Amino acid sequence: MLPLKNRLKKKKDFENVFTEGKTAKSRYFFLKTLKTNSIDSRIGFIVSKKVSKKAVERNRVKRLFREAVRLDIARIKPGYDLVFIVLNSVKEKELTEIKKEVEFILGKYGLLI
RNA sequence: GUAAUAGAAAGAACAAUCGCCCUAUUUUUAGGGAGGAAAGUCCGAACUUCCAUUCCGAAAGGAAUAAACAGGUAGCGGGUAAUUCCCGUCAUUCGCGCAAGCGAAAGAGAUGCGAACAGAAACGCUCUAAUUCGAAAGAUGAAGAGCAUCCCUUUGGGAUGAACUCUUAGGGAAACCUUUGAGAUGAAACGGCUAAACUCUUACCCGGAAGCAAGAACAAAUCUUCUUAUAAAGAAGAAAAAAGUAGUUCGCUAGAGGUAUUAAGCAAUUAAUAUCCCAGAUAGAUGAUUGUUUAGAAACAGAAUUCGGCUUACUAAUCUAUUACUAUU
RNA sequence: GGAUGUGUGGCGGAAUUGGCAGACGCGUACGUUUCAGGUGCGUAUGAAGUAAUUCAUAUGGGUUCGACUCCCAUCACAUCCA
């Protein structure tokens, strides 16, 4: 789980990111980004029922993504709001695979220090 | 040994590193952190608000649920806060199964028992022998006057019993069971099916509806008024009252609670005593990596107001009782 | 989280005091009209089987002589509640 200051929580924040943010696409997820110039970067995750109908599987996917981001949290540039929208193809993938993909996309769009 | 039926128990533990939620202490430590189904939302209860009625009160408000309507339950007896649940009895009848066993049924009324096909005839009260009689036999169908046992010289004939009504005695907590005697009937006394969509009756239960996204408290904004400045729109500021949105807090987890012992009871369960505190989030915690143990760590699956049931999903290896068949002694 | 509703051919959609399932429209195929196409008209159109027949109203049970309809369980989809 991420520290409290790095979590995106409010519904309005999510809506802002959706309406004004930029989109990047990966094999496993969409990434929406918005520059806010605040002290910390905040990150949210969305796993819809399209991914799986079972709550256990959705929780599992969410936790794997959180873990992948948590391990790199120090390297992410401050002052951004990020939202990961997880796609169906991520099912039954390992942590290392997800972590690799997340790092690749963040690096590609210049969000890593 | 194989197959089956009924039931019981289990649903990993420990350690290290990096993280998250809650509580306490206080500023870094300690303790706790998903399930047997957390699921389906099929029953039921607590709790909250609204509605109805009654009572108390000057009012504000508080308390209660009697009756009626509507609704629910249904072998019988017991348990529970309550139930479509649980326990006992397996009491009667019916259906399924070789069997162990499993499933269904409160009682009555009126109404109805279609079309097609088969059949002589669809509620039945018939037909088949030259005629009459025959509770035999046969035919059609989902359904048609029948059932059981026994005997004989078998186009068939005969005996006894139950079934129906009344009645005697005994057993049982009761449903009911066993039992004594008499009568009726021989083709018409009488009887079958039909509510899991109707109506009524009996006994018992229950005010009705909606649900924690229930609801309660605080409360920016907005609106109103005033002041300042202004040609006006508007802007800025302040204030009392109203308002109840965004948001925050409560509801929220100590409970019809768990564990142990004793007592009552066949049991479900109840009572007493001791002891324990065991998730409480709100973009929503309980995760990641590695090692050890073990035959194995797989399957179904994630708390969201709480609790009691039912139902469904599922894993590997077990245990107990019973039934059928087979083999051996 | 809580509360409701729906499910019938390839598609939409009829049929309910329980009594002939698949009306009707669209689509598809074939024929016909035309120089050709379209339109129009006609026929066929759930599955298995040579046929008789059997199975089919989301799935599985039950009640009933008889179930799309009544009852129970399961599955899928949709709607509402801050």
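Not measured: the values here are computed from a predicted model. In what follows, chains are A, B, ... by sequence order, proteins preceding strands, each numbered from 1.
- Remark: ring of Phe14(A) overlaps the six-membered base ring of rA283(B) in a stacked fashion, centroids less than 5.5 Å apart, planes less than 30° apart.
- Other cluster members for Leu34(A): Leu8(A), Phe14(A), Val17(A), Phe18(A), Phe30(A), Ile46(A), Val83(A), Ile85(A), Leu87(A), joined by side-chain heavy-atom distances under 4.5 Å among Ile, Leu, Val, Met, Phe, Trp and Tyr.
- When the nearest nucleotides of RNA chain B are assigned to Arg66(A) and Lys54(A) by heavy-atom distance, the more 5′-ward of the two goes with Arg66(A).
- The pair Glu103(A)-Lys99(A) meets the salt-bridge criterion, with a side-chain N (NZ, NE, NH1 or NH2) lying under 4.0 Å from an Asp/Glu carboxylate O.
- Pairing for rU320(B) goes to rA6(B), judged as Watson-Crick or G-U wobble with the two contacts each under 3.5 Å.
- In RNA chain C, consecutive stretches of 3 or more Watson-Crick or G-U wobble pairs with both distances under 3.5 Å are given as paired ranges: C:1-7 with C:75-81, C:10-12 with C:24-26, C:27-32 with C:40-45, C:46-48 with C:53-55, C:58-62 with C:70-74.
- Sequence neighbours left out, the pairs with a member in residues 31-51 of chain A that pass ring-ring contact (aromatic ring centres under 6.0 Å, His included) are Phe45(A)-Phe84(A).
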Under a 4.0 Å heavy-atom criterion, the protein footprint on nucleotides 76-82 of chain C, written with B, S and -, is -S-----
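- Using the Watson-Crick or G-U wobble rule with both distances under 3.5 Å, rA136(B) pairs with nothing in any strand shown.
- The nucleotide rA188(B) finds no pairing partner, because no Watson-Crick or G-U wobble arrangement with both distances shorter than 3.5 Å includes it.
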Listed pairs, N/O of protein and of nucleotides 16-18 of chain B, under 3.5 Å:
unit_1, atom_1, unit_2, atom_2, d
rC18(B), O2', Arg70(A), NH1, 3.0
rC18(B), O2, Arg70(A), NH2, 3.1

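- Nucleotide rA297(B) is matched to nothing when pairs are restricted to Watson-Crick or G-U wobble geometry with both distances under 3.5 angstrom.
- Residues Lys5(A) and Arg42(A) share a closest heavy-atom pair of O-CG, 3.6 Å.
- Side-chain atoms of Arg63(A) and base atoms of rG302(B) include a donor and an acceptor less than 3.5 Å apart.
- Salt bridge annotation for Arg70(A)-Glu67(A): present, with a cationic side-chain nitrogen under 4.0 angstrom from a carboxylate oxygen.
- No donor-acceptor contact under 3.5 angstrom links the side chains of Thr33(A) and Lys22(A), judged on distance only.
- Qualifying salt bridge (charged side-chain N to carboxylate O under 4.0 Å, His left out) partners for Asp40(A), counting only residues two or more places apart in sequence or in other chains: none.
- With a 3.5 Å ceiling on both atom-pair distances, the Watson-Crick or G-U wobble partner of rA108(B) is rU199(B).
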